[in-house]
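All heavy atoms count here, side chains included; hydrogens, waters and symmetry mates do not. Because the structure is a prediction, the values reported are computed rather than measured.
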Number of protein chains: 2
Amino acid sequence: MATGRAHRPATRSRGIPEATVARLPLYLRALTALSERSVPTVSSEELAAAAGVNSAKLRKDFSYLGSYGTRGVGYDVEYLVYQISRELGLTQDWPVVIVGIGNLGAALANYGGFASRGFRVAALIDADPSMAGKPVAGIPVQHTDELEAIIRNDGVSIGVIATPAGAAQQVCDRLVAAGVTSILNFAPTVLSVPDGVDVRKVDLSIELQILAFHEQRKAGEEATSGGAAPPPPAVRTRPADDGPDGEVPAVMPA
Amino acid sequence: MATGRAHRPATRSRGIPEATVARLPLYLRALTALSERSVPTVSSEELAAAAGVNSAKLRKDFSYLGSYGTRGVGYDVEYLVYQISRELGLTQDWPVVIVGIGNLGAALANYGGFASRGFRVAALIDADPSMAGKPVAGIPVQHTDELEAIIRNDGVSIGVIATPAGAAQQVCDRLVAAGVTSILNFAPTVLSVPDGVDVRKVDLSIELQILAFHEQRKAGEEATSGGAAPPPPAVRTRPADDGPDGEVPAVMPA
DNA sequence: ATGTCTTTGTGAACGCGTGCACAAAGATGG
DNA sequence: CCATCTTTGTGCACGCGTTCACAAAGACAT
Ligand SMILES: NC(=O)c1ccc[n+]([C@@H]2O[C@H](COP(=O)([O-])OP(=O)(O)OC[C@H]3O[C@@H](n4cnc5c(N)ncnc54)[C@H](O)[C@@H]3O)[C@@H](O)[C@H]2O)c1
Ligand SMILES: NC(=O)c1ccc[n+]([C@@H]2O[C@H](COP(=O)([O-])OP(=O)(O)OC[C@H]3O[C@@H](n4cnc5c(N)ncnc54)[C@H](O)[C@@H]3O)[C@@H](O)[C@H]2O)c1
């Protein structure tokens, strides 16, 4: 889901398909749960069920990492946890900065799921001067002016943007200029970044709209007003056309 | 990203590919911005740039909706806003319940991006009795006991889960039993739902792990410790050691 | 009308991801 | 050591999604 200039022409980074990479955290989560229950081994079938995927897919995913299974037995849980962690780069510590400590930013700062993997909140940054020094989740909020210094001093390479949409690109530019090369964007905007910078976005509104689409399909499969097929569109250059299709507003002048 | 039992064997709902549906909200956002600036028409090239996608892809996406463009001119902004809104089901009002009003749930409740499209927060629900009646974002929190009544009375079909992971499946089951058929899940768990129910998940931790993967690739393309090839795995049959899964895992005895 | 110029809509090629199905590997038991 | 049984690893086919490239549609000028 990299947006903007974050093209992925051959980002099959080192032979591991992007789709597989996206599932590794899922497997890791399931394996961690098994590990906590001291389960020694799992079959691909069991693990796939726990992760909510097809077992053949899981086996193929693991085959990209190497042959870590034992035929007739399955996979060693602890060993696989380690291998996936290493592949994902979770054996090292990743300092993260969160920019925009409002409703969402504060929730993220309080989120325990950060530290549970190798992620550490290095700093909380906000433009509001009245917030400076105020602790959120035990960490004092710092002013935007400090952004560059923090990133350089702590060697931060991952930034989280939780500012209003209008500020996101500007914040993004500063992060990138200061050395951040991975961005998680919660603001509803398309970010432009130079090559080599990865952007992933989380957009609640988009998710809801996708759900609404399917919901509408489920509800109005046969009964709702209007047919299933959209009415022949009126081309507009000259309005005064037969325009009103159904009960439609939106007639445009050329 | 439907998980669990939400299989999508032929969910090409009515000829509109899933990938296209996922991009429609993106186009809609860009078009809304143009509309607010009173821009009358856009070319596929311009709109694609604004939405961060390829222009050919955009045209093909729109072609699934119908022929709404004018050759030599482009697309009428207002008309397209309406058509996409209608296709996504945003011309009607979607009541939504949020379950689990903690850090994240409260942030979601306060989020203005809900109402900006056709989504309306019908209720906030939490299991903590001490929260009952306390207003969050102007809406009084209601106890979980009320869940079924609220959903039935308001005809809620979309639910948002922001509870701890351990409670998510149970909450999900209750939502589904009460009539919810679309779920947006923020808890880091795989949800099992019956056919006909859509689940989408938002998982911050997974996004960060994917970023970490690419970050590691960028950093250690040649220099980092260890080679590229993983060491040959050892096989485990008899564990014998239960899990000190504290920090350094996985050296396998043969 | 006719010609030119812009931009859409889409046919076709390609590549990625998914899932089936099975041979090979290895564990386990005799 | 051999037979059997379980489960992995993967070759293969298929379908979806992306992108290119271009003919056709239409605006606009003359
Ligand atoms: N709250 C949610 O549940 C939610 C959900 C989805 C998306 N979002 C998006 O996340 C973003 C934040 O949402 P929110 O509800 O926390 O908003 P908010 O207004 O509560 O918080 C925004 C914070 O960003 C700070 N800020 C503004 N400009 C800044 C800048 N240039 N540099 C640093 N900090 C700056 C503000 O001082 C404020 O503290 C928005 O873009 C919103 O659309 C929020
Ligand atoms: N905070 C974040 O930024 C963040 C990010 C990603 C994921 N998450 C996930 O979102 C979920 C919520 O996170 P949070 O930080 O808000 O946690 P939280 O502990 O602050 O809030 C959880 C809320 O859910 C309520 N709850 C518990 N069981 C319930 C039940 N059975 N029915 C109804 N309500 C119940 C609790 O009373 C509490 O108010 C967690 O699963 C977390 O992993 C949070």
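Side chain of Ser63(A), nearest nucleotide from dT10(D), dT7(D), dA25(D): dT10(D). In this structure, of dA12(C), dG17(D), dT7(C), it is dA12(C) that holds the atom nearest to the side chain of Lys60(B). Comparing dA21(C), dG17(D), dA27(C) by their closest approach to the side chain of Thr70(A) singles out dA27(C). The side chain of Lys57(A) sits closest to dT18(C) out of dT18(C), dA12(C), dT10(D). Nearest to the side chain of Arg59(A), among dT7(D), dT10(D), dG17(C), sits dT10(D). With dT8(D), dG11(C), dA21(D) as the candidates, the nucleotide lying closest to the side chain of Ser44(A) is dT8(D).
The distance from atom OH of Tyr68(B) to atom P of dG26(D) is 16 Å, rounded to the nearest whole Å. Spacing between atom CG of Asp76(B) and atom C1' of dG26(D) amounts to 16 Å, rounded to whole angstrom units. Distance Ile16(B) CD1 to dG17(D) C1': 15 Å, rounded to the nearest Å. At whole-Å resolution of the value, CG in Asp61(A) and P in dC16(C) are 16 Å apart. In this structure, Glu18(A) places its CD atom 18 Å from C1' of dC16(D), rounding to the nearest Å. If you measure from atom CG of Leu80(A) to atom C1' of dT7(D), you get 15 Å, rounded to the nearest angstrom. Computed from coordinates, the Phe62(B) CZ to dT10(C) C1' distance equals 16 Å when rounded to whole Å. When rounded to the nearest whole Å, the span between CG of Leu65(A) and C1' of dT10(D) equals 15 Å.
Looking at every heavy atom in both residues, Ala30(A) comes nearest to Leu47(A) through CB-CD1, 3.8 Å. Between Leu191(A) and Gln169(A), the closest heavy-atom pair is CA-OE1, 3.4 Å.
Scored by the side-chain contact (heavy atoms from CB on, under 4.5 Å) test, Ala177(A) finds no partners at all (sequence neighbours excluded).
Here the rule is ring-ring contact (aromatic ring centres under 6.0 Å, His included) with Tyr27(A), and of Tyr75(A), Phe62(A), Tyr68(A) only Phe62(A) fits it.
Take the nearest nucleotide of DNA chain C for Thr20(A) and for Gly74(B): the residue whose nucleotide is more 5' is Gly74(B). Each of Ala56(A) and Gly72(A) lies near DNA chain D, and the nucleotide nearest Gly72(A) is the one positioned closer to the 5' end.
For the pair Asn54(B) and dG17(D), the criterion of a side-chain N or O lying under 4.0 Å from OP1 or OP2 is not met. For Tyr75(B), a side-chain nitrogen or oxygen approaches OP1 or OP2 of dG9(C) to under 4.0 Å.
With respect to Arg23(B) and Glu18(B), no salt bridge is recorded, no charged nitrogen being found less than 4.0 Å from a carboxylate O.
On a pure distance criterion of 3.5 Å, no polar donor-acceptor pair joins the side chain of Arg71(B) and the base of dT7(C).
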